Amino acid sequence: MTFVTSTWIEPASTATALLLLGRGTDPASERGVDCPGDLPAPSDPDLVARATAAKAALGNRVFVLGHHYQRDEVIQFADVTGDSFKLAQQAAARPDAEFILFCGVHFMAESADILTTPDQKVILPDLAAGCSMADMAVLGQVETAWERFEDLGITGEIVPVTYMNSSADIKGFVGRNKGVVCTSSNAKRALDWSFEQGSKVFFLPDQHLGRNTAVLEMGFDLDDCVLYDPHKPGGGLTDEQLRNARMILWRGHCSVHGRFTLDSVREVRERVPGVNVLVHPECRHDVVRAADFVGSTEYIIRALDAAEPGSSWAVGTELNLVRRMALAHPDKQIMFLDRAVCYCSTMNRIDLPHLVWALEELVAGRVPNQISVDPDTAHHARVALDQMLALP
Ligand code: SF4
């Protein structure tokens with residue numbers, strides 16, 4: 001399919017295009033690959049009709065959530081669209097829906113399961129839809145780091161903070177240790193609260209969101225931040241570094257937003273005079289510093305909606321969203337910050353065949369790919385989520 005408006009230029013495809021479109025495998029970042037049933041063929045001309053019919057047959061029993069980074073073919077069936085936090089809230093606001101069909105990634109479906117009633121079932125149409133960032137912080141690694149901090153006698157000073165983009169296990173760890181969850185919209189408020197509780201923050205799993213918030217919004221120095229690498233002995237940090245640090249950042253990042261570089265920003269500024277560079281805070285620190293505006297996915301949408309006709313915008317976030325915004329605003333020049341394709345490969349695994357399969361399974365009385373968090377983890381994760389909701 002080709003998307004062309006008067007201003008939109010499709011980024012160049014890459015050698016991994018098939019993988020990005022969800023036809024391959026990426027064992028390093030997935031929780032599962034194979035669909036446990038018979039997927040309809042992507043070429044089936046009746047897919048839209050089948051999804052429409054199955055959704056109508058389920059009526060109010062199903063509530064379909066669509067993350068902003070999803071493909072258009074999936075988004076058209078979403079009852080509500082949003083970022084991960086908004087979607088979790090929306091799921092919690094629909095206790096009457098028996099099934100929450102989450103077109104997003106694994107950690108989002110876990111959060112929805114934690115926030116919904118025990119009777120509701122949360123379904124992820126493709127179990128391979130994980131998040132590479134969330135996969136970068138595994139509970140055993142985080143507990144090993146905490147033991148190191150305990151040996152140093154500094155855990156009493158540390159407040160753990162985890163980004164919403166983390167597994168339920170990590171949110172549970174944070175809840176157990178009196179910390180808080182944050183989103184890209186409220187990271188500063190979460191850090192402000194945390195520094196009232198202690199003198200150090202252990203920030204998981206996105207180093208960039210932690211660093212960008214601490215340095216650019218709270219006035220910390222880069223030297224106040226250290227990077228804990230779970231693949232190095234002791235995290236690759238000396239005792240003195242850990243004792244002196246204010247922000248202990250986990251070495252994780254988003255493989256989508258991490259692709260944007262300072263060169264991308266320089267190149268677009270040369271090519272498009274007067275362009276506004278708008279990026280997500282999951283981008284690297286030098287990219288965020290060089291941008292004109294930085295904010296969450298919802299902020300990016302609001303900024304583009306409110307932009308003056310005729311203005312030019314180079315946007316550093318996931319491609320499906322940027323393309324959708326460009327098509328929705330043909331009177332503004334909205335372009336992708338990078339010249340190459342940059343989808344969230346795992347989220348893009350949820351395609352129309354998976355959606356049709358999941359809906360038709362529900363119609364047939366079977367519950368496919370249910371995501372359920374064990375009660376103890378869910379309890380502690382909920383503590384950390386509720387602490388976020390209570391932030392001043
Ligand atoms: S865009 Fe990045 S953080 Fe978001 S789901 Fe994809 S890999 Fe995870």
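One is the number of the first residue; the rest follow in order along the sequence. None of the values given here were measured: they were computed from a predicted structure. Counting convention: from 1, in listed order, for ligands and their atoms alike.
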Task: atom 8 (Fe) of ligand 1 [closest protein heavy-atom partner, distance rounded to 0.1 Å] - done: Cys131 SG, 2.3 Å
Open item on the list: Counting only heavy atoms, tell me which of Thr317, Asn165, Leu209 gets closest to atom 4 (Fe) of ligand 1.
Closed with: Asn165
- [ ] Identify, by atom number and element, the atoms of ligand 1 in contact range of Ser132, meaning under 4.0 Å from any of its heavy atoms.
- [x] 7 (S)
Open item on the list: Measuring from non-hydrogen atoms of Glu282 to any atom of ligand 1, is the shortest distance under 4.0 Å?
Closed with: yes
Task: Numbered atoms and elements of ligand 1 in range of Tyr69, under 4.0 angstrom, heavy atoms - done: 1 (S)
Open item on the list: If the test is side-chain contact (heavy atoms from CB on, under 4.5 Å), which one of Val180, Val142, Ile170 qualifies with Thr162?
Closed with: Ile170
- [ ] Among all protein heavy atoms, pick the one closest to atom 2 (Fe) of ligand 1 and tell me residue, atom and distance.
- [x] Cys254 SG, 2.3 Å
Open item on the list: When you measure from atom 8 (Fe) of ligand 1 to the N, O or S atoms of Cys344, does any of those distances fall below 2.8 Å?
Closed with: no
Task: Centroid-centroid distance, Phe63 to Phe99, less than 6.0 Å - done: no
Task: Greater than 12 external heavy atoms within 6.0 Å of Asn60's CG - done: no
Open item on the list: Please report whether the ring centroid of Phe195 lies less than 6.0 Å from that of Phe220.
Closed with: yes
- [ ] Assess whether atom CZ of Arg176 is packed by more than 12 heavy atoms of other residues, nucleotides or ligands within 6.0 Å.
- [x] yes
- [ ] Could you tell me whether the side chains of Thr144 and Trp146 share a donor-acceptor contact shorter than 3.5 Å?
- [x] no
